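The structure under discussion appears below in the form of structure tokens.
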2 protein chains.
Amino acid sequence: MDDIDRALVRRLQQDAGQSYAALGTAVGLSAGATHERVRKLRERGVIRRTTVEVDPAAVGSGVLAYVMVDSNAWMGESKEAFEAIAEIQEAHIIAGSASVLVKVRTATTEQLQDVLRRLYAVDGVSGTHATVVLDTFFERPLPL
Amino acid sequence: MDDIDRALVRRLQQDAGQSYAALGTAVGLSAGATHERVRKLRERGVIRRTTVEVDPAAVGSGVLAYVMVDSNAWMGESKEAFEAIAEIQEAHIIAGSASVLVKVRTATTEQLQDVLRRLYAVDGVSGTHATVVLDTFFERPLPL
DNA sequence: AGATCGCGTGGATGACATCGACCGGGCGCT
DNA sequence: AGCGCCCGGTCGATGTCATCCACGCGATCT
């Protein structure tokens, strides 16, 4: 993981569709060597996958909210229960009073309410506190 | 934006590297037609860009925290101030008592503390409340 | 009915990923 | 120090793929 690897990852984050030749020129390597480096980055798990970034509003998920989930039991084994709710984009165990923090995207606030209802139905959940996002300044890739 | 478009986006989210031929076979189209559909999805902004998903821990951002930022002024014009802090991955205006919610990734908790210090230095910021993530259940693409 | 347009197919072509042969410099071993 | 090994690079060949074009079909509007 040297400077060249970091430069490659940074450029791939911006555009994963460019040719290995272009990528190689940018970092001062041949296409073959570039290909080999990127292959190893994938192999090591530094690059998890190549994907497309989608506009949430364009696919019917214009409402974004973060929900603090309070519980009266250990939630460490409840991964599947949260995964089963399709509208949940992220779920994290957190330090502090609530025990789980989830990121939810829905089309409408009515659907958000329905997600909260389903969250209450999860074993051990004793309460929720939803924070609705009014405007997103930015969402950007990891710094390197 | 019909069922085929949704299927294309879903498959591209999982693997943006596959060939248009494979993609086309999966949805029942020729490579040419598939290419044209994806081109239009990009043009319309449904697909914002193609990128790689990176393991945060592998690039020195093993600590994740969400920070509620309280303020005593209107924060709607402070986008640049938050953008200037590289460790901030997302920044949102929120409804509720705090006025901005940011997602922060750092290598260590010391660096997290430094980010909080820099947040205090932003005009109008009157307080912060950081929630440290202990374990991430999952982070996944948008549902379709 | 006829013209038009959006959306598809199939084939040609040039670019690109991918692989293999080869090379050189750093490093440990004797 | 000299030797050999291995990692990581260049270069060139080859098959696959993206990309473009000519054309066909059906729905819509006049």
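Since the model is a prediction, treat every value here as computed from it, not as a measurement.
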Only one of B:Ile93, B:Thr131, B:Ile94 passes side chain to side chain contact (heavy atoms under 4.5 Å, CB included) with B:Leu101, and that residue is B:Ile94
Using whole Å, what does the distance between atom [atom2] of nucleotide [N] and atom [atom1] of [X] come to?
| X | N | atom1 | atom2 | answer |
| --- | --- | --- | --- | --- |
| A:Arg42 | C:dA17 | CZ | C1' | 12 Å |
| A:Tyr20 | D:dG9 | OH | C1' | 17 Å |
| B:Leu41 | C:dC7 | CG | P | 12 Å |
| A:Glu36 | C:dC16 | CD | P | 20 Å |
| A:Gln18 | D:dA18 | CD | P | 17 Å |
| A:Arg44 | D:dG8 | CZ | C1' | 13 Å |

Pairing of B:Arg37 and B:Asp2 as salt bridge, 4.0 angstrom limit: yes
Is there a side-chain contact between [X] and the phosphate of [N], meaning an N or O under 4.0 Å from OP1 or OP2?
| X | N | answer |
| --- | --- | --- |
| A:Arg37 | D:dG9 | yes |
| A:His35 | C:dA17 | no |
| B:Lys40 | C:dC7 | yes |

Could you go over nucleotides 11-16 of chain D and give all protein N or O partners under 3.5 Å, atom names and distances?
none

Among the nucleotides C:dG8, C:dA17, D:dA18, which one has an atom lying closest to any side-chain atom of B:Ser19?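 Nearest to the side chain of B:Ser19 among the choices is D:dA18.
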Worksheet item: Would you find a donor on one side and an acceptor on the other, under 3.5 Å apart, between the side chain of A:Ser61 and the backbone of A:Ala57?
Response: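 Not at all, since once roles are kept as given, no pair shorter than 3.5 Å links the two residues.
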>> Can you tell me how the ring of A:Tyr66 sits relative to the ring of B:His92, calling it parallel under 30°, perpendicular over 60° and tilted otherwise?
In response: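 A:Tyr66 and B:His92: tilted rings.
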Going through the distances and angles, do A:Val59 and B:Arg10 end up as a side-chain contact (heavy atoms from CB on, under 4.5 Å)? CA-CA 11 Å; A:Val59 295; B:Arg10 201 176 309 119; over 6 Å; no
- Message: Test salt bridge (charged side-chain N to carboxylate O under 4.0 Å, His left out) on B:Arg105 and B:Glu139; report intermediate values, then the result.
- Response: CA-CA 14 Å; B:Arg105 284 193 191 269; B:Glu139 293 180 280; 3.3 Å; yes
